[in-house]
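These numbers were taken from a predicted model, which means no experiment stands behind them.
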Amino acid sequence: MEDQRIREAWKRSLSTVHSDNSRLIPSPFRPAAFLPFTAPMVFLSLVSVKSLKSIILPQLSFCTYSTAFNIINGNASYNRGPYESVLLGAGVIASTTFFGLFPRLLLMKYALKNVLLRETLPVVILANVSALNAAASRSFEPMRGIEVMDKEGNVIGYSRRAGRKAVKDTATSRVVLFGTSALIPEVFSHFFKKTPLFTRYPQSLWTLKLSCTILVMGLMVPVSFSMFPQIQQIQCSQLEQEIQSATEETELFYNRGV
């Protein structure tokens, strides 16, 4: 690892090869592609519209991409059938798209008089939908358990508690990512609307909002992905009794995923 070329190759492999099955991650679903794909979707999902049809495609695209990203980059050490991931993904896309659109439909039908609530509620909806998407996309992990290993990499067993913690940490990181990335542009837009520049150039609001969304997400994506280590430690005492009896190690490790 003292060779610079080997270190660079190792860093690239971490973002292009799945750590559980050693398969290449498809290019659109690698961590480096997350920002270019999701930033425009987040921006369009938060644009104020008068018709539900205008927001269906951005919301559906966001949920579809998020579901595929979460499944592909999640833990892959548990057993699953060839069609289970497809059926799970279809269900997650349909349900999270509905949960994202239904509150917006209510906002269009029953206009809120409170300006603060009207502008922040879509941010809260987006953050919660992203967390729900991550948790539902990887729901097999806490149900069937994921591999836990000792420090030498030897598999000790499959733990549902480790799977639950992996999914919880990932969902938390998504809330931080999308909540911050949606809130800050809304705050900037709120104050920008009070300036003379907005009065003269109202169309500049879209440019400002899009630029701010891309900038904030560009800063928040690495923060979110590094909030919790990809290979996490967990105390053996926190795991199932059968795993505790199978090893004398006090700390075990598991792949959290991205």
Heavy-atom distance under 4.5 Å between the side chains of Val221 and Leu177, does that happen here?
-> yes
Contact summary for Ser139 and Pro142, nearest pair of heavy atoms | O-CD, 3.3 Å
Under a 4.5 Å side-chain heavy-atom rule over Ile, Leu, Val, Met, Phe, Trp and Tyr, are Met217 and Phe225 clustered together?
-> yes
Would you mind reporting whether Ser77 and Ile146 have side-chain heavy atoms less than 4.5 Å apart?
-> yes
Heavy-atom nearest pair, Gln232 first then Asp169, reads OE1-OD2, 3.1 Å
Which distance, rounded to the nearest 0.5 Å, do you find between the OG1 of Thr180 and the CE of Met220?
-> 4.0 Å
The complete set of ring-ring contact (aromatic ring centres under 6.0 Å, His included) pairs with one or both residues in residues 199-219, sequence neighbours excluded, reads Phe43-Trp206
Give me the other members of the hydrophobic cluster that Leu60 sits in, counting Ile, Leu, Val, Met, Phe, Trp and Tyr linked by side-chain heavy atoms under 4.5 Å, directly or via other members.
-> Ile93
Can you list, pair by pair, the side-chain donor-acceptor contacts under 3.5 Å of residues 30-42, counting residues two or more places apart and other chains?
residue	atom	partner	partner atom	Å
Arg30	NE	Ile25	O	2.7
Arg30	NH2	Ile25	O	3.2
Thr38	OG1	Phe34	O	2.6

The side chain to side chain contact (heavy atoms under 4.5 Å, CB included) partner of Val92 among Ser66, Ser137, Cys63 is Ser137
Nearest heavy atoms of Arg144 and Tyr158, plus distance in Å = O-CB, 4.4 Å
Using the rule that two of Ile, Leu, Val, Met, Phe, Trp, Tyr join whenever any of their side-chain heavy atoms come within less than 4.5 Å, decide whether Ile71 and Phe62 are in one cluster.
-> no
Check whether any side-chain N or O of Gln244 sits under 3.5 Å from a backbone N or O of Leu239 as a donor-acceptor pair, and report yes or no.
-> yes
Residue pair Asn255, Glu147: steps toward the side chain to side chain contact (heavy atoms under 4.5 Å, CB included) verdict | CA-CA 8 Å; Asn255 173 34; Glu147 286 182 351; over 6 Å; no
Trace of the side chain to side chain donor-acceptor pair (under 3.5 Å) decision for Asn70 with Arg174 = CA-CA 10 Å; Asn70 291 328; Arg174 293 291 192 275; 2.9 Å; yes
Distance from Arg256 atom CZ to Tyr254 atom OH, nearest 0.5 Å?
-> 8.0 Å
Between NZ of Lys168 and CD of Glu141, what distance do you get to the nearest 0.5 Å?
-> 15.5 Å
Is atom CZ of Phe99 surrounded by more than 12 heavy atoms (other residues, nucleotides or ligands) closer than 6.0 Å?
-> no
Apply side chain to side chain donor-acceptor pair (under 3.5 Å) to the pair Asn133 and Thr67, showing each step before the final yes or no.
-> CA-CA 6 Å; Asn133 187 284; Thr67 300; 2.9 Å; yes
Do Thr170 and Phe228 have side chains that get closer than 4.5 Å, going by heavy atoms?
-> no
Atom pair CD (Glu242) and OG1 (Thr247), whose distance is rounded to the nearest 0.5 Å = 13.5 Å
Phe188 and Phe192: aromatic ring centres closer than 6.0 Å?
-> no
Report the distance from atom CD1 of Ile55 to atom CG of Leu101, rounding to the nearest 0.5 Å.
-> 6.5 Å
Residues Cys236, Thr250; criterion side chain to side chain contact (heavy atoms under 4.5 Å, CB included); working and verdict = CA-CA 5 Å; Cys236 189; Thr250 58; 5.6 Å; no
Closest heavy-atom contact between Thr172 and Met227?
-> CG2-CE, 4.5 Å
So, the side chain of Ser130 versus the backbone of Ala127: is there a donor-acceptor pair under 3.5 Å, distance only?
-> yes
Glu240 and Ser159: CA distance, side-chain angles, deciding distance, side chain to side chain donor-acceptor pair (under 3.5 Å) verdict | CA-CA 7 Å; Glu240 292 83 348; Ser159 172; 2.8 Å; yes
Give a yes or no on whether Val216 and Leu126 share a hydrophobic cluster (residues Ile, Leu, Val, Met, Phe, Trp, Tyr; joining criterion: side-chain heavy atoms under 4.5 Å apart).
-> yes
Transitive ILVMFWY cluster of Phe253, excluding itself - 4.5 Å side-chain cut-off = Ile231
Hydrophobic cluster partners of Val123 (side-chain heavy atoms under 4.5 Å) = Leu183, Val187, Phe191
Do the side chains of Ile234 and Met149 join up, straight or via other hydrophobic residues, at under 4.5 Å, putting them in one cluster?
-> no
List the atom pairs, donor and acceptor, that lie under 3.5 Å between side-chain atoms in residues 208-215 and the rest of the protein, sequence neighbours left out.
residue	atom	partner	partner atom	Å
Lys209	NZ	Glu186	OE2	2.7
Ser211	OG	Thr207	O	2.8
Thr213	OG1	Lys209	O	2.7

Transitive ILVMFWY side-chain link Val223 to Leu219, under 4.5 Å | no
Measure across Ile243 and Gly157 and return the closest heavy-atom pair with its distance rounded to 0.1 Å.
-> CD1-C, 4.5 Å
Taking every non-hydrogen atom, the tightest pair across Val148 and Ala162 | CG1-CB, 3.8 Å
Between the CG atom in Leu44 and the CD atom in Gln59, the distance rounded to the nearest 0.5 Å is 11.0 Å
Between the side chain of His18 and the main-chain N/O of Gly74, is any donor-acceptor distance below 3.5 Å?
-> yes
Side chain Tyr78, main chain Met143, donor-acceptor under 3.5 Å | no
